[in-house]
2 protein chains.
Amino acid sequence: MIAIELLEKYGAIQKNFTKTAVIFKEGKLPAYYFQILSGEVKMNNYNDDGREFIQGIFYKNQSFGEPPLFLNQNYPASAVVVEDAEILCVPKESFMKLLNENPAISIKIIENLAQRLYYKSVMAAEISTHEPEHRVLRLIDYAIANFNFKKDSNGYLINFTRQQIGDLSGLRVETVIRAIKSLEKKGELKIINRKVYR
Amino acid sequence: MIAIELLEKYGAIQKNFTKTAVIFKEGKLPAYYFQILSGEVKMNNYNDDGREFIQGIFYKNQSFGEPPLFLNQNYPASAVVVEDAEILCVPKESFMKLLNENPAISIKIIENLAQRLYYKSVMAAEISTHEPEHRVLRLIDYAIANFNFKKDSNGYLINFTRQQIGDLSGLRVETVIRAIKSLEKKGELKIINRKVYR
DNA sequence: TTTGCTTTATGATTTGAGTCATAAATGTGA
DNA sequence: TCACATTTATGACTCAAATCATAAAGCAAA
């Protein structure tokens with residue numbers, strides 16, 4: 001997260017998007033640095049038969065879509081608004097200027113990218129070698145550690161739908177539902193009127 | 001890749017490792033920045049029943065294992081020598097000093113991490129939503145674009161064993177062998193005395 | 001409050017990658 | 001050159017997750 005004043009100094013403009021709006025499309029060239037002021041954004045892919053994979057979900061104060069920006073490559077995934085969002089957009093050229101003139105920001109960016117790589121590494125190993133229950137549990141634990149899920153007397157409320165968990169972990173909804181039920185039986189998590197707690 | 005002279009200025013020492021040596025273990029805290037002078041290194045995980053997943057393979061002039069270094073987190077995977085390797089190691093503290101005193105290097109690091117995130121994004125989507133042939137082909141194409149595989153009249157020689165392709169794409173050897181055979185039939189690649197060309 | 005959409009849920013069936021067994025070709029080191 | 005490990009290869013069988021079908025609960029908006 002970069003200070004809003006700094007972004008504004010480099011020509012950031014605010015854009016507002018409503019639910020389901022597409023911020024950018026897979027395959028397009030990046031033109032902006034994006035930082036979320038409010039709302040929720042996901043990055044996703046679709047395979048040939050329309051099956052979705054969610055690369056990540058991003059919230060207030062988080063940025064997204066930087067890697068292709070730094071590499072001058074096409075976006076490997078699309079960005080879609082999940083909850084109405086206000087987003088600061090800094091044009092590529094001025095963002096690069098910002099970086100060059102503010103070395104401390106580079107370190108922030110490095111930490112941010114490192115964090116996301118870490119997540120991808122863990123999930124890659126999960127997805128390719130572990131069974132569904134393990135995958136679901138790991139995803140939930142990662143989400144607790146990284147998103148600000150609310151904690152109450154039942155534990156952390158996992159603010160994902162079963163479908164989202166599936167799309168993040170490469171499983172089908174039904175499989176996620178069954179995995180969650182089974183994990184509940186094993187005492188790994190709780191289901192209280194359809195909401196998942198851990 | 002950071003200039004060797006610069007690394008030496010910040011106290012880099014060279015260590016030599018032989019095939020199968022473990023440079024660091026999953027779960028340990030990072031203490032060094034590593035850059036390869038010669039040889040080949042893989043980063044990998046094992047799941048509970050001993051199945052391997054290869055996070056990435058690294059060659060001359062490449063660095064590896066930085067994300068946890070920047071985050072003060074445990075390594076999410078181990079680093080194992082694939083071909084005898086000479087490696088420059090810079091102690092964490094002096095590497096951080098190097099970064100602070102050389103802002104241009106930060107940009108390099110950012111580009112490097114961005115590149116790896118890009119790969120992980122593509123492979124994550126592949127692994128979780130595509131069939132084996134697609135996964136194998138994408139991995140091969142990525143490898144051609146990023147490693148210096150040799151090109152001759154038959155095309156690029158894919159310098160991976162079937163097992164390595166499997167461990168990188170989350171498939172079993174037999175499945176990879178069958179996928180490659182089928183891709184050959186479809187004309188997507190060639191097999192010339194057991195070697196894969198594309 | 002009615003209508004329609006999303007989310008959770010469950011059972012039956014299918015299927016494709018994993019598993020197992022086996023072997024030949026190749027490479028490596030003693 | 002011999003012994004052993006690695007890599008590629010193929011066929012038969014298994015099984016777990018995907019698929020398909022269906023439905024009820026919840027929610028959102030008209």
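Below, read A as the first sequence line, B as the second, and so on, with proteins coming before strands; counting in each chain starts at 1.
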In this structure, how many angstroms lie between the [atom2] atom of [N] and the [atom1] atom of [X], rounded?
X: B:Phe160; N: D:dT8; atom1: CZ; atom2: C1'; answer: 17 Å
X: B:Asn193; N: D:dT7; atom1: CG; atom2: P; answer: 16 Å
X: A:Gln163; N: C:dT8; atom1: CD; atom2: C1'; answer: 11 Å
X: B:Glu83; N: C:dT28; atom1: CD; atom2: C1'; answer: 13 Å
X: B:Leu183; N: D:dT8; atom1: CG; atom2: C1'; answer: 16 Å
X: A:Ile177; N: D:dT19; atom1: CD1; atom2: P; answer: 14 Å
X: B:Lys195; N: D:dT8; atom1: NZ; atom2: C1'; answer: 11 Å
X: A:Lys19; N: D:dA28; atom1: NZ; atom2: P; answer: 8 Å

| message | Could you walk me through whether A:Lys186 and A:Glu133 satisfy the salt bridge (Lys or Arg N to Asp or Glu O under 4.0 Å) test, starting with their C-alpha distance in whole Å, then the side-chain angles of each, then the deciding distance to 0.1 Å, before giving a yes or no? | response | CA-CA 11 Å; A:Lys186 293 177 185 167; A:Glu133 289 181 27; 2.6 Å; yes
| task | Validate the cation-pi geometry between B:Lys15 and B:Tyr32: distance from NZ or CZ to the six-membered ring centre under 6.0 Å, angle to the ring axis within 45°. | result |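 Satisfied, under 6.0 Å and within 45°.
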Does either side chain, that of [X] or that of [Y], offer a donor lying less than 3.5 Å from an acceptor on the other one?
X: A:Asn44; Y: A:Gln55; answer: no
X: A:Glu26; Y: A:Ser78; answer: no
X: A:Tyr10; Y: A:Glu8; answer: no

| Bend across the helix from C:dT1-D:dA30 to C:dA30-D:dT1, to 10°, with axes taken over 5 pairs at each end? |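 The helix from C:dT1-D:dA30 to C:dA30-D:dT1 shows an end-to-end axis angle of 60°.
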| said: So does A:Leu98 get a backbone contact from the side chain of A:Asn102, meaning a donor-acceptor N/O pair under 3.5 Å? | reply: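 Judged by distance alone, yes, a pair lies under 3.5 Å.
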| request: For each nucleotide in nucleotides 11-23 of chain C, reading 5' to 3', give B when a protein heavy atom comes within less than 4.0 Å of its base, S when such contact involves only the sugar-phosphate, and - otherwise. | output: BB----SSBB---
| Taking only side-chain nitrogens and oxygens of B:Arg162, does any of them come within less than 4.0 Å of OP1 or OP2 of D:dA9? |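 Result: yes.
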| Side-chain N or O of B:Lys181 closer than 4.0 Å to phosphate OP1/OP2 of D:dT10 | yes
| query | Is a salt bridge present between B:Glu126 and B:Arg138, judged by a nitrogen-to-oxygen distance below 4.0 Å? | reply | yes
| request: Could you walk me through whether A:Tyr197 and A:Tyr156 pass the ring pair (Phe, Tyr, Trp, His ring centres under 6.0 Å) test, one step at a time? | output: CA-CA 5 Å; A:Tyr197 291 84; A:Tyr156 288 97; over 10 Å; no
| said: Apply side-chain contact (heavy atoms from CB on, under 4.5 Å) to residues A:Ser63 and A:Ile2 and explain how you reach the verdict. | reply: CA-CA 9 Å; A:Ser63 56; A:Ile2 302 178; over 6 Å; no
